[in-house]
2 protein chains.
Amino acid sequence: MNNIGFEPVRRHDLSKQIADQIRQAIIEGTLKADDRLPTEEDLAQRFDVSRPTIREALKRLAAQNLIRTRRGPTGGSFITNPSMLELSDTLTGLTTLLVGMERFSTQEINQARQELELICCRLAATQCTREDLLQLGQELQVQQDPALSPEAFCASDVRFHRAIANATGNHMLAFIMHTVIEALQPVANMLASRFQERQVIVDQHQRLYEALEQRDAQAAEKVIIEQIAYLSSRHEQAQARRAAREDGDH
Amino acid sequence: MNNIGFEPVRRHDLSKQIADQIRQAIIEGTLKADDRLPTEEDLAQRFDVSRPTIREALKRLAAQNLIRTRRGPTGGSFITNPSMLELSDTLTGLTTLLVGMERFSTQEINQARQELELICCRLAATQCTREDLLQLGQELQVQQDPALSPEAFCASDVRFHRAIANATGNHMLAFIMHTVIEALQPVANMLASRFQERQVIVDQHQRLYEALEQRDAQAAEKVIIEQIAYLSSRHEQAQARRAAREDGDH
DNA sequence: TTTTTATAATTGTCTAGCAAATTAACAATT
DNA sequence: AATTGTTAATTTGCTAGACAATTATAAAAA
C-alpha cells in the first residue's frame, strides 16, 4: 500500500476522485482482499485533503461494499473480498429498484425468468450433485408443512430455485439467477398465500426434484414451463382483481 | 417532501441509517425522480445530526447513482431517475469486479454466455424489427473496415451483441445481457487483435445477421455455438501461451 | 499465571467556518 | 425600455480541530 502512486487531484469533486482511484486500485489488483488502507488521517495527508473529505470517499466505497471498517488499533478500512453473496445483494438491490419502478412488464419478467430457469434445469439435470439434491429435498420438506407462514414459504421457494441455479455447477449463471430470483421475490410474495396455490407449487417442485434426480432434462423443462404459466395466470388474475377494485373506488 | 416522517436514528453508523431511510423512500416512491431533498443543513436538523454526517449519507447515495447535487440557490440534492443505462453501468462495474477477481472460470463464463446468447438469438429471430436489423447491419459495415483499431472493433462487437439482446424485445433479458457482455469486454479485448481473427468473427456476424433476417432461429443458434467455440479455443491458446511464457521466466 | 487496568490507536461524530458556484435582484448604462 | 454589470444570498464543497466510542496491546496487580 505504501508504494501506490496516488495522483494529485483537481479541486473539484474530491471525494469522488479519491474513491475512484482507490476503486481502480482494487480492480487492478494493487489492493487485494483484506488489505488494510492507511488510516483516515494518513490518507488525508497523502491526498492532501481533509479527513471529512477522505471519509466521504470511504463512504462511497462502503456503499458499494468494497470496504468495511473497524475501530480501534488494528482497526481501519479493509478491502472486502466481495463474496459473491454480498455482491449479489447490492446487485439485487439495484434490480429490485428497477422492478419496483416498473421498468419491466410482468410479461417480460416472466419470459426472462422462464428462459433462464430452463437453462438452469437443463444444466442441473446433467450436473447436479448429491449435495444439490439433498438441498432441494430439504426445502421440499420445509414447504410441505401446512403451518408454514406465507413469508417462510416464499423464502423457501426462493431457496429452492437458488439451489437449482447452484446445481448447474456454473457460478456465473448461478450469480445471474440469484439476482433475478431475489429481485422477483416481492412479486412472488403476492402469491403463495392461499393453501391451495401452495399445494400446486409444492407439487411442481416435487416433480422437478424427481426429474433432476433421474437426470431427465425434458421432464424438468416441462415442469418449469408449467410453473411459470401457472404463476403468470395467477399474476394476471391478481392484477385484474386489483384493477377492478380500483375501478370500484371511483 | 416536508411531510415525510423520518425516524430518529440510533447513535451508530448514522450515515448508513440515514442513507438507507432515504433510499427506502425512493424505492417506495415517496421520493420521485427529480424531487429535491432539503438542504444539507435542513436534513442535519431533521435527523438531529451534524452536516458532515448528512454529507456522508448523501455520498453513499451518490455512489449508487441515486442522487446528483448542484450548488447555488436552486441547487441541492436531486433524486435521479436511474435510467436503465446508468444502472446497467453500476451493475456492469460490479460484475467486472467479479470477473476481474477471477471468481468465475473462463469456461463458466463462456458457457453462461453461450446459453444466454442462444436465448437471445432465438427470441430475436422471431421478434426483431426492421430497426433492429438496421442497427445490426450498421455495425456489420463498421466491422468490415480493415483500418479499424482493435479497440474500435471490440466496441463495435459489443454493440452488435447488445443489439441482438435488444432485438429480443424483452427489456429484462436485454438488461441482463448488457451486463454480461459489458463485463466480458476486457476479456474479449485480448482477442480481436489480428486481422485474420477479426475476419472470422465478422464472417460469423454476417451469417448471424442473415439468419435473423430470414427469421431462421436454428441457423442463428448454430452460428452462436460456432462463435463461442471459436472464442473459447482462442482463449485457451492465449492462456497456454501466457502460461508458457511465465514458465520460461523461472 | 490470570485478571484487571491503563494506554494508545483508530474510526465516528460534532462544531464552526471559509471557499466556490450559481441564481436572483437591482442598479447603471446605452 | 432593454441590456449589461454588480452585488447579495443561498447552497454545496472543503478545511480545521476537537471529543467520544471502541478495541487491541501492554503493563500492573492479584
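What you see is a predicted model; the values in this text were computed from it and never measured. First the proteins, then the strands, lettered A, B, ... as listed; each starts at 1.
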Enquirer: Could you pull out all residues at least two apart from B:Thr168 that satisfy side chain to side chain donor-acceptor pair (under 3.5 Å)?
Expert: none
Enquirer: Can you tell me if the side-chain N/O atoms of B:Thr69 get under 4.0 Å from OP1 or OP2 in D:dT11?
Expert: no
Enquirer: So, using side-chain contact (heavy atoms from CB on, under 4.5 Å) as the criterion, who are the partners of B:Lys32 when residues are at least two apart?
Expert: B:Asp35
Enquirer: Which atom pairs link the protein and nucleotides 15-18 of chain C when you take only N or O atoms and keep those under 3.5 Å?
Expert:
| residue | atom | partner | partner atom | Å |
| --- | --- | --- | --- | --- |
| C:dG17 | O6 | B:Arg51 | NH2 | 3.3 |

Enquirer: Take the protein atom CD of A:Glu56 and the nucleotide atom C1' of D:dA16, then report the distance between them rounded to whole Å.
Expert: 15 Å
Enquirer: To the nearest angstrom, how far is A:Asp13 atom CG from D:dT12 atom C1'?
Expert: 11 Å
Enquirer: What's the CD1-C1' distance between A:Ile54 and D:dG13, to the nearest Å?
Expert: 14 Å
Enquirer: From CZ of B:Arg55 over to C1' of C:dT13, roughly how many Å is that when rounded to an integer?
Expert: 15 Å
Enquirer: Does A:Arg51 have any side-chain contact (heavy atoms from CB on, under 4.5 Å) partners at least two apart in sequence or in another chain, and if so, which?
Expert: A:Glu40, A:Arg55
Enquirer: Grab the NZ-P distance between B:Lys16 and C:dT11 for me, whole Å please.
Expert: 19 Å
Enquirer: Just jot down the salt bridge (charged side-chain N to carboxylate O under 4.0 Å, His left out) partners of A:Arg68, sequence neighbours excluded, or say none.
Expert: A:Asp34
Enquirer: Checking B:Ser105 now: which residues fulfil side-chain contact (heavy atoms from CB on, under 4.5 Å) with it, not counting sequence neighbours?
Expert: B:Gln107, B:Glu108
Enquirer: Among pairs that include at least one residue of residues 169-181 of chain B, which meet salt bridge (charged side-chain N to carboxylate O under 4.0 Å, His left out), considering only residues two or more places apart or in two chains?
Expert: none
Enquirer: Check this one for me: any side-chain N or O of B:Ser15 less than 4.0 Å away from OP1 or OP2 of C:dG12?
Expert: no
Enquirer: Any donor and acceptor pair, going by atom type alone, linking the side chain of B:Arg70 with main-chain N or O of B:Thr74 inside 3.5 Å?
Expert: yes
Enquirer: Pull out every protein N or O sitting under 3.5 Å from an N or O of nucleotides 6-10 of chain C, one pair per line with the distance.
Expert:
| residue | atom | partner | partner atom | Å |
| --- | --- | --- | --- | --- |
| C:dT10 | OP1 | A:Arg36 | NH2 | 3.3 |
| C:dT10 | O4' | A:Gly72 | O | 3.1 |
| C:dT10 | O2 | A:Gly72 | N | 3.3 |

Enquirer: Think A:Lys59 has a side-chain N or O under 4.0 angstrom from the OP1 or OP2 of C:dG12?
Expert: yes
Enquirer: What residues form a side-chain contact (heavy atoms from CB on, under 4.5 Å) with B:Thr69, not counting sequence neighbours?
Expert: B:Ser77
